[in-house]
J.: 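Got a structure for you, written out below as structure tokens; questions coming shortly.
For the numbers below, each heavy atom of this structure counts, side chains included, while hydrogens, waters and symmetry mates do not. Remember, predicted model here, so these are calculated numbers, not experimental data.
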Amino acid sequence: MKKLILFASALMLCIFASAQDGMEFYHKYSDAPGVSAVYFSPAMFRVLRHIPDVKVGEEEINLTPIIKSLTGMYMLSSSNPSVNDKMYRDISKHIKNNHFELLMEAKDNGEAIRIYTLGDEKIVTNLVLYSDSPYESNYICIDGKMPRAAIEEALVKANL
């Protein structure tokens with residue numbers, strides 16, 4: 001029984017720590033010189049749950065199931081080279097330590113964009129988008145219980 005309690009406690013700690021990293025990165029870098037930051041709180045997503053279906057583009061990409069499942073979003077954009085280097089190291093370590101899955105990668109002229117997910121086959125609990133170029137780094141972390149099928153469908157329809 002002790003082993004079960006310890007295992008459950010460790011599992012909950014890992015889940016809590018993973019959810020906190022978006023917020024921790026936000027607090028660590030949001031006031032740094034050359035960094036722009038945006039945070040959407042759980043309260044904002046509670047408001048957004050009441051909007052009608054949201055469709056994007058000609059392909060009728062329905063984002064409503066994803067939007068209604070979100071609990072937080074953290075966005076950082078940095079044009080400060082020293083901050084960019086630190087963010088890259090911190091985010092790479094976070095991705096590796098928490099066993100994120102690479103969903104997509106695109107590279108072009110020195111710029112790399114990667115999308116990572118954390119969750120299981122049905123639910124994505126954390127989605128991280130990180131783009132890095134010689135002049136700018138962007139980090140977006142989205143927390144929630146997003147239906148993996150809805151994310152995959154949106155990416156396919158958006159031709160990503």
Side-chain angles (χ1 to χ4, degrees), residues 7-8 10-30 36-78 84 87-134 136-160:
F7 177 76
L11 183 62
M12 292 305 292
L13 182 61
C14 289
I15 291 169
F16 180 72
S18 174
Q20 291 299 312
D21 282 329
M23 184 184 304
E24 288 174 16
F25 289 142
Y26 181 83
H27 288 300
K28 182 174 183 176
Y29 294 108
S30 63
S36 299
V38 177
Y39 166 62
F40 290 95
S41 72
M44 174 60 97
F45 289 111
R46 283 193 300 273
V47 169
L48 292 177
R49 286 185 186 131
H50 301 289
I51 64 172
D53 286 354
V54 177
K55 300 196 187 249
V56 177
E58 296 174 14
E59 289 296 323
E60 298 278 330
I61 301 170
N62 186 359
L63 297 177
T64 304
I66 299 170
I67 292 170
K68 289 183 176 185
S69 69
L70 302 180
T71 57
M73 182 184 298
Y74 308 88
M75 297 187 284
L76 298 167
S77 181
S78 170
N84 297 354
M87 274 178 46
Y88 178 80
R89 284 192 303 272
D90 284 349
I91 292 166
S92 295
K93 183 179 177 182
H94 169 65
I95 295 296
K96 182 179 179 185
N97 289 346
N98 289 290
H99 307 287
F100 277 73
E101 178 181 20
L102 179 63
L103 185 62
M104 186 204 106
E105 176 181 66
K107 294 181 179 182
D108 185 35
N109 292 325
E111 182 177 8
I113 300 170
R114 293 177 183 89
I115 300 174
Y116 299 92
T117 61
L118 184 63
D120 60 31
E121 290 185 18
K122 294 186 182 215
I123 300 294
V124 172
T125 56
N126 198 265
L127 187 139
V128 170
L129 181 144
Y130 185 69
S131 69
D132 191 35
S133 74
E136 183 177 51
S137 290
N138 296 287
Y139 166 77
I140 300 173
C141 177
I142 303 171
D143 295 328
K145 291 186 178 179
M146 300 163 269
R148 185 175 292 276
I151 293 170
E152 291 170 356
E153 180 183 347
L155 290 172
V156 167
K157 286 185 177 180
N159 293 317
L160 293 178

J.: Rounded at 0.5 Å granularity, tell me how far CG in Leu70 sits from CE in Met146.
T.: 6.0 Å
J.: Heavy atoms only: give me the nearest Ala37-Ser30 pair and the separation to one decimal.
T.: CB-CB, 3.5 Å
J.: Quick one: pull up OG in Ser41 and CZ in Arg46 and give me the separation to the nearest 0.5 Å.
T.: 7.0 Å
J.: Step by step, work out the side-chain contact (heavy atoms from CB on, under 4.5 Å) result for Tyr139 and Tyr26.
T.: CA-CA 9 Å; Tyr139 166 77; Tyr26 181 83; over 6 Å; no
J.: Distance from Arg148 atom CZ to Asp120 atom CG, nearest 0.5 Å?
T.: 7.0 Å
J.: Report the C-alpha distance between Thr71 and Asp143 in whole Å, list the side-chain angles of each, state the deciding distance to 0.1 Å, and finish with yes or no for side chain to side chain donor-acceptor pair (under 3.5 Å).
T.: CA-CA 6 Å; Thr71 57; Asp143 295 328; 5.3 Å; no
J.: Quick one: list whatever passes side chain to side chain donor-acceptor pair (under 3.5 Å) with Lys28, sequence neighbours left out.
T.: Asp90
J.: Could you tell me if the ring centre of Phe25 sits under 6.0 Å from that of Tyr74?
T.: no
J.: When Thr117 is tested against each of Asn126, Ile142, Leu127 for side-chain contact (heavy atoms from CB on, under 4.5 Å), which residue passes?
T.: Leu127
J.: Quick one: CG on Leu129 to OH on Tyr116, what's the gap to the nearest 0.5 Å?
T.: 10.0 Å
J.: Could you list all the side chain to side chain donor-acceptor pair (under 3.5 Å) pairs where at least one residue sits in residues 102-112, not counting sequence neighbours?
T.: Glu105-Arg114
J.: Measure the CG-NZ distance between Asn98 and Lys93 for me, rounded to the nearest 0.5 Å.
T.: 11.0 Å
J.: When rounded to the nearest 0.5 angstrom, what distance separates CD1 in Ile115 from CZ in Phe100?
T.: 13.0 Å
J.: Quick check: closest heavy atoms across Ile123 and Pro147, and the distance to 0.1 Å?
T.: CD1-CA, 4.4 Å
J.: Can a donor-acceptor pair be found, under 3.5 Å and without considering hydrogens, that links the side chain of Ser69 to the backbone of Ile66?
T.: yes
J.: Just wondering, are more than 12 heavy atoms of other shown residues or ligands nearer than 6.0 Å to OH in Tyr39?
T.: yes
J.: My understanding is that only residues two or more places apart in sequence, or in another chain, count here; which of them pass side chain to side chain donor-acceptor pair (under 3.5 Å) with Ser131?
T.: Asn138
J.: Which class fits the ring pair Phe40 and Phe45: parallel under 30°, tilted 30 to 60°, perpendicular over 60°?
T.: tilted
